[in-house]
There are 2 protein chains.
Amino acid sequence: MARTPRNTLSADLIVRTALELMEAKGTDAFSLRGVAGELGVGPMALYTYFRNKDDLYDAVRDHLMGLLPAVPSDEAWPDQVRAVCRSLRLLMLQHPCLAQLLAGRPLSGHETARVAEGLLGVLRAAGFDAETAARTHTTLFTYVLGSTSWEIQMAAERRDPEAWRRLRTSMESLSARDFPSVVELAPELARTTGGDEQFDYGLDLLLAGLQLQVRTPS
Amino acid sequence: MARTPRNTLSADLIVRTALELMEAKGTDAFSLRGVAGELGVGPMALYTYFRNKDDLYDAVRDHLMGLLPAVPSDEAWPDQVRAVCRSLRLLMLQHPCLAQLLAGRPLSGHETARVAEGLLGVLRAAGFDAETAARTHTTLFTYVLGSTSWEIQMAAERRDPEAWRRLRTSMESLSARDFPSVVELAPELARTTGGDEQFDYGLDLLLAGLQLQVRTPS
DNA sequence: ACACCGTACTATACACTGTACGTTAAGAAC
DNA sequence: GTTCTTAACGTACAGTGTATAGTACGGTGT
């Protein structure tokens, strides 16, 4: 019986454990000590496989990006773009921690590059020049990131009854004289903080703009 | 000489000090102890004015939102929308901490409501119905939030030479066979992670989609 | 078989964090 | 002068990431 068994760890095992922990106890509850504890190991053991916490973050992000399906190849380019954006959003909803992992750090890793490659390939094949393809890629990515992060954030807030109550009362304290539109549209605003329809609404605006641009090149 | 002078603090003074600290030492360097130290006061003194750290965060965010200019009233609605989005982005660039303050917590506070009121008012005046106005508001807000947060994040990364070097090398390690588009467009992608042009590109796509929708109501 | 060495892991320690709790003293009201 | 409220203090706790140093296992060379 080895008192300190070796080679029981691996980068992949650590990543999967970290991911499980984030999904079970919430993104914020994640800590190196927590992951190490789950693995029955001291906190410093992780530093054999990752330079620091951010490095582990990046690895988890890339692992999640690997779960994205390939771009459908037998569709028109607007539908392909829609598919890529929708599947990224779905992945983020399925793994809420992904929102923070994507927002907080630059993109890196092979799986992440694969996803970018898919979208860029669609855009190039559709006839976009290099600069426009890059601009469009960034625009789409930041839209998906922003809107879905917001959606997740709001959903989390709604789950916390105390925070939700405070939000409602602070909403109701607004005078209808000073803020007529906000007060009038409060129910609509609450309804449009997320959901498939809201996401598709913005995405379709972007796609409409794109198609218009393709048809009338400057 | 009073050993513990009283009434030297105020919510507003604390907010301003917190803001100064965040801008001087970076958003992450902000801590209750740091703010209290700057004010020559114990950490717990702040709890007289704020329930907790998030509460202070919200106050700082609302304070910053108060700096946004009013919506120009003598322009066509697409230009008004553009002006609102641009000024929010500029404020975020000027106060990088605002990105995190907006992303991490739900919106609240009077100044924040004032800004929402401005944009919603423009949309209602332009003839959008309640639901479409709310959807558009959310779409525009999340686009500005996502794209500008990303821009700030990338700019910060570029300022850290170590992180920037690692990013470059990880980019260059991608094989041109597996990731042809990413490798080919690397320079364009690096160039389009921010800047006025990139922001306006996406914003104009959204506005083009919106105008199209107005002209051809379902 | 045995010494060796790189490496996987442990142990300890440091400088932080937010905040719960209990105490003290300043200023106002009577 | 007495009493009440409250602003600010001090202490303490349970965390955090990680630098540094030490230890014992596994595979390799002789």
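Below, chain A is the first sequence line, B the second, and so on; all start at residue 1.
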Between [atom2] of [N] and [atom1] of [X], the distance in whole Å:
X        : N       : atom1 : atom2 : answer
Lys53(B) : dC16(C) : NZ    : P     : 15 Å
Leu9(A)  : dG26(D) : CG    : C1'   : 16 Å
Asp55(B) : dT19(C) : CG    : C1'   : 14 Å
Leu39(A) : dT10(C) : CG    : P     : 10 Å
Leu32(B) : dG18(C) : CG    : P     : 4 Å
Met44(B) : dA7(D)  : CE    : C1'   : 12 Å
Tyr47(A) : dT7(C)  : OH    : C1'   : 18 Å
Arg33(B) : dA12(D) : CZ    : C1'   : 10 Å

| With a 4.0 Å cut-off on heavy atoms, is Ala45(A) in touch with a base, just the backbone sugar-phosphate, or nothing at all? | base
| said: Considering every strand and a 4.0 Å limit on heavy-atom distances, what is the contact class for Tyr49(A): base, sugar-phosphate, or nothing? | reply: sugar-phosphate
| query | Can you tell me how far the CG atom of Leu167(A) sits from the CG atom of Leu107(B), to the nearest 0.5 Å? | reply | 8.5 Å
| Gly34(A) or Arg51(A): which one's nearest nucleotide on DNA chain D is closer to the 5' end? | Gly34(A)
| Shortest non-hydrogen separation from Thr136(B) to Tyr201(A) and the atoms involved | OG1-OH, 2.7 Å
| query | Counting only side-chain N and O atoms of Ser31(B), is one of them less than 4.0 Å from OP1 or OP2 of dT17(C)? | reply | yes
| said: I want to check one thing: is the phosphate of dC9(C), taken as OP1 and OP2, less than 4.0 Å away from some side-chain N or O of Thr8(A)? | reply: yes
| task | Report the residue from Thr17(A), Ile14(A), Asp55(A), Leu101(A) that forms a side chain to side chain contact (heavy atoms under 4.5 Å, CB included) with Val60(A). | result | Leu101(A)
| query | Is Arg114(A) salt-bridged to Glu117(A), cutoff N-O under 4.0 Å? | reply | no
